[in-house]
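In what follows, chains carry the letters A, B, and so on, assigned in the order in which the sequence lines appear, proteins first and then strands, with residues in each chain numbered from 1. A quick note: this is a predicted structure, and the numbers were derived from the prediction, not measured.
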Amino acid sequence: MPEPIIHMEDVHKYFGRVHALRGISLDVQIGEVVVILGPSGSGKSTLLRCINHLEVYNSGKIIVDGILLKSAQNINIVRREIGMVFQSFNLFSHLTAADNLILAQRTVRRRERKEAEEIASNLLAKVGISDKADCYPGQLSGGQQQRVAIARALAMNPKIMLFDEPTSALDPEMIKEVLDVMLVLAKEGMTMVVVSHEMGFARAAASRCIFMDEGQIIEEGTPDRLFSAPTQERTKLFLSKVLQI
Amino acid sequence: MPLKDLFKNPGRVFSRKPAGTTAPPPTPVEIKFIPGAEPSARLDPWWWLVAAVAVLIILLLVLKSDPYWRILLFVRDGLWITVLLTVVSFVFILILGLLGGLGRIAKNPVIHLVATLYVEIVRGIPLLVQLIWWYFAAPVVIQSLGRVLHFSPLANYHSSAIFLAIVGLVVCYGAYMAEIFRAGIQSIHKGQMEAARSLGMTYLQSMRYVILPQAFKVVLPPVGNEFIMLLKDTSLVSVVAVADLTRRGREFMAAHFNPIEVWTLIALLYLIMTLFSARVISWLEKRRSYER
């Protein structure tokens with residue numbers, strides 16, 4: 001087994017008196033697509049946000065790309081290698097789509113303007129919205145905004161992409177356009193950790209599914225195994241509710 | 001429907017159907033965003049008020065040039081002092097306010113405490129008292145300090161009244177401005193900061209390129225309000241030996257004793273400046289809007 005790119009060991013996280021993560025241990029290999037499922041409040045988003053240190057874990061160990069997060073001299077060096085896509089897109093609303101992609105390339109990667117613009121236009125083409133390059137986020141639909149957000153993260157050439165419920169804030173007809181982009185990324189071999197309830201995406205792209213409840217990993221396995229033959233009662237209960245719909 | 005018709009006749013889009021009738025099938029309206037085509041791009045009708053006051057002043061000066069023209073000539077240098085005080089102070093107020101605002105939201109407890117103490121103390125003391133303190137007390141404090149430390153530049157410290165007046169205005173207004181900036185920064189959704197940080201930007205880069213540009217748009221109306229208040233409050237410096245518009249008016253009145261004409265003209269001069277500033281600010285607000 002090669003060295004995992006994400007290594008989590010007995011991670012605990014508290015929000016005041018709420019014990020949000022209760023001893024999470026998880027390894028993600030390069031090129032893996034891990035989909036995390038679970039009811040709301042189960043700690044899925046917290047787990048994801050701990051990986052790029054948006055939430056600071058209280059105890060345990062998280063090693064990303066060989067760097068132990070707690071002792072990282074400069075967390076920004078780790079973060080630039082981790083792309084993050086949020087449920088609420090979080091595009092910079094005062095910048096056009098293209099400038100959203102260019103800003104961090106210039107300030108963090110220190111790329112020349114011309115190079116950054118070229119990368120931006122290539123990525124906007126890749127996610128299928130070249131024609132919206134000069135639009136502000138407020139002028140784009142939710143699906144378009146989320147695709148810009150994915151492109152913005154990709155512009156940093158990350159080694160890992162984290163998706164925090166990327167389709168939960170979208171109208172049904174826009175979900176597919178975002179999932180299609182994510183599928184392409186998965187096929188290209190991007191290492192991805194995805195918090196999502198999109199079973200179709202999990203089946204099509206996930207190398208592993210993880211079911212979480214009350215801050216713990218209850219069960220994990222390939223999507224087919226987990227969906228068709230869950231071994232834990234809580235997983236069965238959750239899947240029976242989700243798959244009904 | 002073409003955009004310009006939409007603004008001419010907004011009732012067509014937003015009208016409610018009358019009770020008891022069936023609604024006609026809704027006409028799909030495609031709203032495009034065309035910069036400059038919004039109704040706000042038209043000339044603001046409140047410019048007429050500015051023009052009216054300007055005409056009134058000119059009429060007084062022409063039709064009753066004695067004493068109005070003489071008063072104007074006499075207070076002219078005070079007018080420039082008032083403008084200078086306002087503009088120079090405001091630049092430093094913005095800088096101090098920004099630093100104070102950032103200090104108020106800082107995680108570092110020392111910076112937070114210093115910023116909070118500054119705001120709380122300064123806001124609790126009347127501006128007039130602060131101006132008098134800076135003019136009469138501060139130089140003495142600095143001189144005594146210099147004597148204790150045997151440091152002659154401080155011991156022989158002297159300063160112009162106008163400099164101390166600017167310090168007083170900046171320190172006082174900086175505290176209010178700090179609160180405005182703090183509120184503006186906090187009004188920006190925290191997801192914006194998280195997105196910037198998750199891309200590897202530092203805290204300062206995220207502030208500089210993501211949060212502040214958006215916050216500036218939010219704070220523009222209250223900041224403009226502060227500018228107008230400052231313009232009026234500069235009249236308080238007339239009690240600390242600064243020959244501003246108000247003080248020059250008092251001097252003229254002391255010599256000629258015609259309070260009605262002097263204070264009417266002074267009031268109108270302040271009014272035209274504040275009305276004009278208000279229009280410029282409101283123009284800036286509209287110009288800086290982008291789609292959200």
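- Heavy-atom neighbours of Phe163(B) CZ from other residues, nucleotides or ligands within 6.0 Å: at or below the threshold of 12.
- Atom CZ of Phe92(B) sits in a sparse spot, with 12 or fewer heavy atoms from other residues, nucleotides or ligands closer than 6.0 Å.
- Summarising the local packing, CD of Glu118(A) is surrounded by 12 or fewer heavy atoms from other residues, nucleotides or ligands at distances under 6.0 Å.
- Heavy-atom distances place the side chain of Leu103(A), and not its backbone, under 4.5 Å from chain B.
- Proximity to chain B (any heavy atom under 4.5 Å) is shown, for Arg109(A), by neither the backbone nor the side chain.
- Contacts between Ile77(A) and chain B at a heavy-atom distance below 4.5 Å are absent for every atom of the residue.
- At a 4.5 Å heavy-atom cutoff, the contact between Phe92(A) and chain B is made by backbone and side-chain atoms alike.
- Between the OG atom in Ser88(A) and the NE2 atom in His189(B) there is a gap of 5.5 Å [rounded to 0.5 Å].
- No more than 12 heavy atoms of other residues, nucleotides or ligands lie within 6.0 Å of CD in Glu112(A), so this atom counts as exposed by the packing criterion.
- Without hydrogens or angle criteria, His94(A) side chain to Leu212(B) main chain gives no donor-acceptor distance under 3.5 Å.
- Among the candidates Leu91(A), Ile82(A), Leu162(A), the residue making the largest number of heavy-atom pairs closer than 4.5 Å to chain B is Leu91(A).
- Take Asn157(A) and apply the side-chain contact (heavy atoms from CB on, under 4.5 Å) test, not counting sequence neighbours, and it matches Arg111(A).
- The contact list for residues 191-205 of chain B toward chain A, using heavy atoms and a distance under 4.5 Å, reads Gly191(B), Gln192(B), Glu194(B), Ala195(B), Ala196(B), Arg197(B), Ser198(B), Leu199(B), Gly200(B), Met201(B), Thr202(B), Gln205(B) by residue number.
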